[in-house]
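Notes for the one structure printed next.
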Amino acid sequence: VIAVVTRVEPVGPYWLVALERTFDHGEPGRFHMLRAVDGEAFLGRPLSALAVRSDEVEYLLDVRGPGLAALLRVGAAVDVQGPFGRGFDLGAAGDRPVLCAGGIGIAVMPWVAERLPQGRLVAGFRDRTAAAAAGLVPAARAEVVVEPRLVTAPLDAALDEASAVLACGPDPMLQAVAALCGARGVPCQVALEAPMACGYGACYGCAVQLDGRWQRLCIEGPVVDGRRLLAAPVAA
Amino acid sequence: MTVAVGRVTLEHPVVNGSGTLDALAAEAAGLHVAAELAAVVTKTVTPLPRAGNPPPRIAETPAGMLNSIGLANPGIDAFRSTVLPRMRALGRPLVVSIGGFAPNQYASLAAALRDEDGIVALELNVSCPNVESGCLSIGSDPNETRSVTARCAEAAGDLPVWVKLSPNVADVGVMARAAEEGGADALVAVNTLRGAAFDRASGAPLLGGPGGGLSGPAVRPVALSAVAACRAATSLPIVGSGGVGSGQDALAFLDAGASAVAVGTAAFREPLLARRVREELAGLLAAGAGRPSRAESRARSAQPSTAA
């Protein structure tokens, strides 16, 4: 499906890109492959939606290369594939969910927060400029830290009264969050990231270590039970 | 648009490249890719399960991508017991790609598959550049290629054997002849072109595995040249593979001497690419004076005269 970029806005160091809602927007934590038709990138980039409006689907981008940069133009035609993968299990979040985000991992939280209005946000960023993105999350309660403070500090305190943790961020953070939740006995869903060429299981490029072995993130996730990150590697 | 690839008759000339489609995962994602393919070519199966290479496994490069997946697969036993029955249920002709690290491994895989229903051909992957040893070293040596092909042709019984060739050789025509002498039914040309890329900031390799293979439009001229070389060197039918993204691209492969084409990397961004390629090719063949008969005569002349 082709969708046109309707809005591009800076949010700290990130970019909010809105597409006209001409496609199945899926569920929070699932993803689309997005590719600017006139861009130089040959393949799409996997992105989970930030929020769904009446006539737009929004994404938050941490632009590192030409694939995403080509999406930053109002009027650009974007090829959208998907939605693919498994999203958050919102029904399993309980009555006191904690939304835990690190850096660009904040990009999936606004939609989750809309669906879980009882949710509390804990978020960590590299600096105060980036922390502006926490403002996109409509959570009643939010704690935001910047480096050198890590998000695991406020998370640890929040776990005392958490029914579940829904987390997204860089791999080392998610590993720490999964370990912390495991130790505290709190159910934890983590949204992982990996380079993908296809999004539908064909390329085998998005291997991540789950249950101790390399598995395709597009099939298993991108949202998986945090305990799956904690298994020791098994020989093939 | 029926075409003959040796003893295999395909409904039309578009299949997928091995390792570029998990037809079962595609169905689960609601993408009915298998129905668009004249035959479904499996990801390469090896004797033992393989976890594959550590990430990063892919990197985009100009007009294409590098991959270093490392032949991740469940191994022949699990393939036969778990994967193959579900693949069969797709109701499409199956071409099973087999790979190994020594000649006897290919022959044992062929023997294990010869009596399985639903398989129309075996494809010998002697051209994977992304594993430490074996595979490509066989496909880089004409004597090894001839010998492996012959042993597989014998072990496979009545099942036709296709040989997937590498562009990473000085003269692909030599390998094509070796495969023909070994008793191959058809050639698949070509596998990925060896490649590498390095991170701009750190200088570290962009891929985690021991090798990398380039695919996509960037390799199309290389693939077309290889197909033409195979056409000149042998009379075997050829499945052309490398950067096919349109009917026009497919037609170029037929012009180079192929009977059919395989789509791969471009289907990553367009899952139902095979349908578009087939429809565009049909239109081009119908519109282009002389072209249909040319493609058909190639397919006919490529059939062995002893074919049943």
Side-chain angles (χ1 to χ4, degrees), chain A residues 1-2 24 26 30-37 39-46 64-70 78-86 171 192-220 233-236, chain B residues 16-17 19-31 33 43 46 48-75 130 200-201 206-209 215-218 243 245 263-273:
Chain A
V1 179
I2 299 293
D24 178 0
R30 299 188 74 198
F31 68 98
H32 298 96
M33 298 295 290
L34 302 186
R35 177 178 59 87
V37 173
E40 64 181 89
F42 182 68
L43 299 166
R45 298 292 185 267
R64 302 290 182 88
L68 292 183
V78 177
D79 182 73
V80 181
Q81 299 288 334
F84 295 127
R86 301 167 198 253
D171 285 347
L192 297 163
E193 192 175 30
M196 294 179 184
C198 71
Y200 64 98
C203 77
Y204 286 74
C206 59
V208 294
Q209 193 90 176
L210 297 173
D211 316 318
R213 56 200 174 88
W214 299 118
Q215 300 193 54
R216 288 170 290 178
L217 183 64
C218 69
I219 302 290
E220 302 294 321
V234 287
Chain B
N16 65 292
T20 68
L21 174 67
D22 177 343
L24 300 172
E27 291 294 321
L31 299 165
V33 180
K43 189 163 169 60
T46 55
L48 296 174
R50 288 179 56 85
N53 291 337
R57 288 179 169 186
I58 55 171
E60 185 164 333
T61 52
M65 62 178 282
L66 293 166
N67 86 79
S68 184
I69 309 301
L71 299 181
N73 82 96
N130 303 331
R200 212 180 338 184
L206 276 181
L207 295 175
S215 63
V263 296
T265 302
F268 290 159
R269 70 179 206 176
E270 185 182 346
L272 298 178
L273 171 67

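What's counted below: heavy atoms across the whole structure, side chains too, no hydrogens, waters or symmetry copies. Per chain, numbering begins at 1; letters A, B, ... match sequence-line order.
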Any residue meeting salt bridge (Lys or Arg N to Asp or Glu O under 4.0 Å) with A:R216, in chain and number order, not counting sequence neighbours: B:D22
With A:E220 via salt bridge (Lys or Arg N to Asp or Glu O under 4.0 Å) - residues at least two apart: A:R228
A:E40 side chain near B:E60 side chain, heavy-atom distance below 4.5 Å: no
Between CD1 on residue B:I69 and SG on residue A:C203, distance to nearest 0.5 Å: 6.0 Å
Pairs of heavy atoms under 4.5 Å with chain A: top-ranked of B:L31, B:T61, B:N67: B:L31
Segment of B:A28 engaging chain A (4.5 angstrom heavy-atom cut-off): neither
Contacting region of A:A194 [heavy-atom separation from chain B under 4.5 Å]: neither
Atom group of A:I219 that falls short of 4.5 Å from chain B, counting heavy atoms: side chain
Distance in Å, B:R269 CZ paired with A:M33 CE, rounded so as to fall on 0.5 Å steps: 11.5 Å
Largest heavy-atom contact set with chain B, pairs under 4.5 Å, which of A:A202, A:P83, A:P195: A:A202
Winner by heavy-atom pair count (cut-off under 4.5 Å) against chain A, out of B:G245, B:P55, B:A59, B:A25: B:P55
Interface moiety of A:R86 toward chain B, non-hydrogen atoms closer than 4.5 Å: neither
Max heavy-atom pair count under 4.5 Å with chain A, selected residue of B:S68, B:P54, B:A72: B:P54
Region of A:R213 in contact with chain B, defined by heavy-atom distances below 4.5 Å: neither
Over all atoms of both residues, closest heavy-atom pair of B:F268 and A:Y200: O-CE2, 3.8 Å
Which of A:G82, A:A207, A:G67, A:C218 touches chain B most, by non-hydrogen pairs under 4.5 Å: A:A207
Contact leader toward chain A among B:P217, B:G75, B:G70, B:A63, where contacts are heavy-atom pairs under 4.5 Å: B:P217
Non-hydrogen atoms of B:T265 and A:L43 that approach each other most closely: O-CD2, 4.2 Å
For the student: nearest non-hydrogen atoms of A:F84 and B:A29, plus distance: CD2-CB, 4.4 Å
Crowding at CD, A:E193 (>12 non-hydrogen neighbours, <6.0 Å): no
Within 45° cone of A:Y204 ring axis and under 6.0 Å: B:R57 NZ or CZ: no
